[in-house]
Amino acid sequence: MSNETMTAGEKNKVLDIEKIRNDFPILNRLVKGHPLVYFDNAATSQKPAAVIDALVHYYTHLNANVHRGIHTLAEEATAAFEATRDAIRGFINAAYREEIIYTKGTTEGINLVAYTWGRQQLQEGDEVIISGMEHHSNIVPWQIVCEEKKARLTVIPVTDKGELDMEAFYTLLSEKTKLVAVVHVSNALGTINPVKTIIDAAHGKGALVLVDGAQSSMHLDIDVQALDCDFFALSAHKMLGPTGAGALYGKKQILEAMPVFNGGGEMIKEVTFEKTTYNELPYKFEAGTPNIADFVAFRPAIEYINELGKENIRKHEDALLSYATEKVREIEGIKIIGEAAHKASVLSFVIDGVHPQDIGILLDNKGIAVRTGHHCAEPLMNRFCIPGTIRASFAVYNTLEEVDKLAEGLKKAIKVLK
Amino acid sequence: MTNSKSIPEIEQEIVEDFSLFDSWDDKYEYIIDLGKKLPPLDDAFKKEENKVKGCQSTVWLVADYIGGKVIYKAESDAIIVKGLISMLIRVLSHHTPDEILDADMDFINKIGMTSHLAQTRSNGLRAMVKQMKHYALAFKGSKFNA
Ligand SMILES: Cc1ncc(COP(=O)(O)O)c(C=O)c1O
């Protein structure tokens with residue numbers, strides 16, 4: 001474990017959840033006359049006051065364009081903007097700050113790799129392996145680039161329990177494999193995938209690995225050097241930060257060899273009509289005026305997580321997940337989708353003879369926010385022969401009492417619907 | 001069967017029915033009950049071309065044109081949506097294309113449905129009304145069966 005993670009948070013601290021809840025202003029609001037129970041954290045997390053305040057502070061005191069001016073505001077804005085890059089580097093334990101490319105989020109990070117590395121490296125007959133539990137954002141970019149390059153896209157099957165079929169993966173993996181792009185934690189099932197094993201096996205065949213960390217960043221300790229992944233994509237909004245900000249980690253020598261993504265200001269060194277030379281990492285991938293305020297406000301989110309300590313967060317979330325699993329299992333007619341041995345913070349289920357949407361509406365009527373539908377993972381829903389699930393996903397500010405409300409709400413809803 | 005009441009009269013009836021409920025729990029129970037009572041649609045009609053786009057759940061909608069009146073039949077795999085459809089059918093079915101095209105369907109706002117349903121779901125409701133009006137418009141142009 002790195003020094004950063006050792007110092008981050010106090011080990012084995014019992015979190016004061018009431019105190020944490022007070023840091024999230026939105027948790028005070030009522031929905032349909034009931035206190036909000038927010039169980040849609042896998043879609044996006046709520047934001048602590050520190051993040052909201054940072055946004056207001058930025059526009060009130062710092063606003064200027066970054067990397068360009070010599071005036072005080074420009075320098076202060078640049079410093080705040082760049083400080084987040086260091087925070088992200090530490091958060092995932094990347095070796096160099098220039099390995100952190102700012103993006104709009106996970107989706108853009110994956111597209112960046114597909115459109116630059118993918119277009120340059122993939123050739124006819126090459127193979128890209130994804131898994132059967134990918135979010136659409138880790139399917140569609142690969143479909144596009146594979147079609148363009150006449151490369152083959154293959155899919156690691158998912159077992160009945162909602163785990164990756166690793167035997168099948170080893171069969172798919174070959175010298176033809178150029179990239180494995182796989183989700184770290186499934187947003188629809190909660191499954192924690194054995195990415196380290198996948199990375200080692202892929203490297204054995206000379207393939208690179210991209211890890212979709214949209215869901216894992218908030219819940220697991222991330223150490224990209226220990227994992228040895230080649231790319232790692234995350235979204236700030238799923239980890240207490242603002243929307244429209246995210247990061248793509250890539251190994252330095254790979255990023256350096258990659259062609260540029262968007263062209264424009266910021267990403268250039270010199271422009272003449274004859275030839276343009278490009279800026280260095282990470283700026284060569286960051287064309288145009290970035291989403292400055294949201295990146296500035298992303299840092300307090302990371303600091304907030306570090307302060308609590310990932311292990312402590314994880315322990316509380318695990319307690320919520322196992323309590324919720326137990327409570328939901330008691331209800332007749334409910335079938336849990338995704339019963340992997342290792343899960344993080346997501347409980348997905350279906351109910352005999354009841355459409356998920358009806359449950360979603362009736363729970364909303366009690367102020368309980370869950371997600372219903374296919375969770376942007378239609379192939380996975382087809383795998384389980386269901387149109388969608390009801391998904392409750394937990395965060396550090398949720399409580400066991402809220403889980404009780406969910407169980408009560410479900411029982412009542414089922415009673416009126418049946 | 002003909003409908004002796006005008007569309008605005010039926011809308012008013014529904015608004016009055018809803019005013020009797022104290023809580024959204026009761027309103028939903030009523031809507032769910034309507035959903036359960038909606039006659040099932042023949043499986044033969046459950047085809048791709050009869051699906052209403054823009055709904056999270058699957059909604060099938062078909063229409064007949066008999067004696068100058070449009071008659072709707074619909075079903076969904078979700079019960080609350082079925083209840084909502086049942087109300088739309090009660091309002092619009094058995095009226096002439098012109099009456100249907102003129103309907104403002106303001107009862108949906110008046111019973112608080114648009115503000116209560118999440119945006120995506122009230123989009124679905126709008127999509128259903130739009131599709132019903134589409135049928136009316138198509139029948140208006142045809143002399144068939146009129
Ligand atoms: C597993 C997974 N991958 C990718 C994404 C896409 O993230 P974003 O929409 O922030 O780009 C999500 C978000 O739902 C996700 O859950």
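Please read all numbers here as calculations on a predicted model, not as lab measurements. In what follows, chains are A, B, ... by sequence order, proteins preceding strands, each numbered from 1.
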message = Test side-chain contact (heavy atoms from CB on, under 4.5 Å) on A/V416 and B/D33; report intermediate values, then the result.
response = CA-CA 9 Å; A/V416 280; B/D33 206 44; over 6 Å; no
Within 6.0 Å of [atom1] in [X], more than 12 heavy atoms from elsewhere:
X      : atom1 : value
A/E330 : CD    : yes
A/H34  : NE2   : yes
A/E332 : CD    : no
B/K46  : NZ    : yes

request  = Measure the shortest side-chain to side-chain distance between B/D25 and A/K366 over non-hydrogen atoms and say whether it is less than 4.5 angstrom.
outcome  =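 Yes; the side chains approach each other to less than 4.5 Å.
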task = Would you sort out whether B/I80 and A/Q357 count as a side-chain contact (heavy atoms from CB on, under 4.5 Å), showing the intermediate values?
result = CA-CA 8 Å; B/I80 292 173; A/Q357 186 186 315; 6.0 Å; no
ask   = What pair of heavy atoms forms the shortest contact from B/K36 to A/K418, and how long is it?
value =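 In terms of heavy atoms, the two residues are closest at NZ-O, 2.9 Å.
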request  = Search all heavy atoms of A/D358 against all heavy atoms of B/I79 and return the closest pair with its distance.
outcome  =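 Of all heavy-atom pairs spanning A/D358 and B/I79, the closest is OD2-N, 2.5 Å.
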key: Worked check of side-chain contact (heavy atoms from CB on, under 4.5 Å) between B/Y28 and A/I361   = CA-CA 9 Å; B/Y28 276 122; A/I361 294 174; 3.3 Å; yes
